[in-house]
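Since this is a predicted model, take the numbers as computed values, not measurements. These values consider heavy atoms only, across backbone and side chains, with no hydrogens, waters or symmetry-generated copies. Nothing fancy with the numbering, it's 1 onward along the sequence.
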Amino acid sequence: MTAPDPPTAALIPPTAALIPPTAALIPPTAALIPPTAALTPPTAVLTPLTGALAQLTPIGLAELTERAALQTRFDRKYLLPLAELPHLLAGLDHTDQVLEIDGRRAFRYESIYFDTADLVSFRLTARRRRRRFKIRTRTYLDSGLCWLEVKTEGTRGGTVKERLPYRPDDSGTLTPGRSFVDGVLAALRTGPTLTFAPTLTTSYLRSTLYLPATASRATIDVALRWEDHRGRRLALPELAIIETKTGSTASHVDRLLWRQGHRPVAISKYATGLAALDPDLPAGRWQRTLRRHFHPTLHGDPGARQETSHRGGPATDPAASCARGGSRNA
């Protein structure tokens, strides 16, 4: 008889025993921005994106959902300087389309991630445990729609996302959707019922591409911001996250990125953002990402809080990217 799996707490060592903390990578005060920073992205962020997307044929939400829902998928993420977006988008296939709703092609997102007091979800991701999971609410600020989502690891390494329609007013609590969360987590056998609380809020501006050749999608996120439950804030105004969401076959956007010298990187909006905000947490597999892309730049007097900006150059070795298949799991 096979012995039952031990509870999650038995699988994960204390945080201090995991991986060297991010304190060795980022100064403790890095990644803080003034609390008055506006949610509306500045023109400098919008212009490179909207100008490059203007030439693409639009696709509606219902059609995009029908053709490329991809709730089970393989994700590859890339970090690019914002200024490189027009060059990338100029290389898209003429059949590629961009999501357009009410004349908009870029949309404001806000996600609130939930974790336990000892950050079980974060630590499972840092250790790349097979039974890792993420819980969040996602609000589409322009439409007012909201979903409660649970992301888990699929049987073949892909990401599985299950979600429930949610009230925007409830985005900061799991109470109305707790039975849904417990139902998804039951398959992971996480042990005793876990207590979750809001841990991190992310916001960004997203454009979504539909790629007919592979019936897949790619997203472009800019105006990236994070805030943890202690009020610490981070912004990456000069960075774009490109994410391809495909079946098992890479898309032509992946190949275009490889030809331009970009390779998939390990980044999780939740776990990497949390590690950047709290240098005492383990850096995990995001050490290179934190070193290359999370460089603090002082604004104002030396005692002021700091804002991070992208300083890393384009990555190399696209062949290695193709071989590895990129980063899975958001």
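- Closest approach of Pro282 to Ala275, counting heavy atoms only: O-CB, 4.0 Å.
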Candidate pair Arg67 and Glu63, rule salt bridge (charged side-chain N to carboxylate O under 4.0 Å, His left out), full reasoning: CA-CA 6 Å; Arg67 294 186 179 186; Glu63 186 178 4; 2.6 Å; yes
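- With a 6.0 Å cutoff to the six-membered ring centre and a 45° limit on the axis angle, Arg138 does not count as a cation-pi contact of Trp147.
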Run the side chain to side chain contact (heavy atoms under 4.5 Å, CB included) test on Tyr78 and Ile267 for me, step by step, so that the C-alpha distance in whole Å, both residues' side-chain angles and the decisive distance to 0.1 Å come before the verdict. CA-CA 8 Å; Tyr78 306 84; Ile267 185 171; over 6 Å; no
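- Lys134 NZ to Ser111 OG: the interatomic distance, rounded to the nearest 0.5 Å, is 12.0 Å.
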Evaluate side chain to side chain donor-acceptor pair (under 3.5 Å) for Thr244 paired with Thr246, printing each intermediate quantity in order. CA-CA 6 Å; Thr244 61; Thr246 71; 5.5 Å; no
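- Under the 3.5 Å distance criterion, the side-chain polar atoms of Arg76 are left unmatched by any main-chain donor or acceptor of Lys245.
- Counting heavy atoms from C-beta on, the side chains of Ile59 and Val98 never come closer than 4.5 Å.
- Listed here is the closest heavy atom pair of Thr289 and Ala266: OG1-O, 2.7 Å.
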With side chain to side chain contact (heavy atoms under 4.5 Å, CB included) as the criterion, how do Ile241 and Ile220 come out once you've worked through the C-alpha distance, each side chain's angles and the decisive distance to 0.1 Å? CA-CA 6 Å; Ile241 298 178; Ile220 305 167; over 6 Å; no
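- In this structure a side-chain-to-backbone donor-acceptor pair under 3.5 Å is present from Asp115 to Val120.
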For Lys151 and Glu149, what are the C-alpha separation, side-chain angles and deciding distance, and is it a salt bridge (charged side-chain N to carboxylate O under 4.0 Å, His left out)? CA-CA 7 Å; Lys151 299 176 75 173; Glu149 301 179 341; over 6 Å; no
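- Tyr109 and Asp221 share no donor-acceptor pair across their side chains, judged by distance under 3.5 Å alone.
- Listed here is the closest heavy atom pair of Tyr166 and Gly177: OH-N, 3.3 Å.
- For the pair Arg232 and Asp278, the salt-bridge criterion is met [side-chain N within less than 4.0 Å of a carboxylate O].
- Counting all heavy atoms, side chain and backbone alike, Ala276 lies closest to Leu290 at CB-CD2, 3.9 Å.
- A salt bridge does not link Glu227 with Arg225: none of the charged nitrogens is closer than 4.0 Å to a carboxylate oxygen.
- Side chain of Asp170 to backbone of Arg167: no donor-acceptor contact under 3.5 angstrom is found.
- Taking 4.5 Å as the limit, some side-chain heavy atom of Thr137 sits within range of a side-chain heavy atom of Phe114.
- Here the closest heavy-atom approach between residue Ser171 and residue Cys146 is recorded as CB-SG, 4.1 Å.
- A donor-acceptor pair under 3.5 Å is absent between the side-chain atoms of Ser216 and the main chain of Pro212, judged by distance alone.
- The shortest distance between side-chain heavy atoms of Ile135 and Val181 falls below 4.5 Å.
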Hey, mind stepping through Asp182 and Ser179 against side chain to side chain donor-acceptor pair (under 3.5 Å) and telling me if it holds? CA-CA 5 Å; Asp182 290 343; Ser179 60; over 6 Å; no
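- One distance of note links CD of Glu84 with CD1 of Ile242; it measures 10.0 Å at 0.5 Å rounding.
- Note that the CG atom of Leu277 and the CG atom of Leu234 stand 5.0 Å from one another [nearest 0.5 Å].
- Without hydrogens or angle criteria, Arg108 side chain to Thr139 main chain gives no donor-acceptor distance under 3.5 Å.
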How far apart are the C-alpha atoms of Asp228 and Thr199, what are their side-chain angles, what is the distance that settles it, and do they pass the side chain to side chain contact (heavy atoms under 4.5 Å, CB included) test? CA-CA 6 Å; Asp228 69 10; Thr199 305; 6.0 Å; no
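- Tyr140 has its ring centre no less than 6.0 Å from the ring centre of Phe107.
- Taking 4.5 Å as the limit, every side-chain heavy atom of Leu239 sits out of range of all side-chain heavy atoms of Leu80.
- In this structure, CG on Leu99 lies 10.5 Å from CG on Leu53, to the nearest 0.5 angstrom.
- The shortest side-chain heavy-atom distance between Val150 and Arg163 does not fall under the 4.5 Å cut-off.
- Counting heavy atoms from C-beta on, the side chains of Arg178 and Thr193 come closer than 4.5 Å.
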Set out, in order, the CA-CA distance, both residues' side-chain angles and the distance that settles side chain to side chain contact (heavy atoms under 4.5 Å, CB included) for Glu100 and Leu56, then state yes or no. CA-CA 10 Å; Glu100 180 176 292; Leu56 297 178; over 6 Å; no
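- Residues Thr219 and Arg206 share a closest heavy-atom pair of CB-NE, 3.7 Å.
- With Tyr113 as the partner, the side-chain hydrogen bond (donor to acceptor under 3.5 Å, both in side chains) test is satisfied by one option alone out of Lys269, Arg136, His229: Arg136.
- With respect to Asp102 and Arg104, no salt bridge is recorded, no charged nitrogen being found less than 4.0 Å from a carboxylate O.
- Considering Thr272, Thr201, Thr202, Leu274 as possible partners of Trp226, the one that fulfils the side chain to side chain contact (heavy atoms under 4.5 Å, CB included) test is Thr202.
- In this structure, Leu88 CG and Leu257 CG are separated by 5.0 Å, a value rounded to the nearest 0.5 Å.
- Thr116 has its side chain out of reach of Thr195: every pair of non-hydrogen atoms, C-beta onward, lies at least 4.5 Å apart.
- Put simply, the side chain of Leu82 reaches to within 4.5 Å of the side chain of Leu85, judged on heavy atoms.
- Separating the OG1 atom in Thr208 from the CZ atom in Arg105 is a distance of 12.5 Å, to the nearest 0.5 Å.
- The aromatic rings of Trp286 and Phe122 sit tilted relative to each other, their planes meeting at an angle between 30° and 60°.
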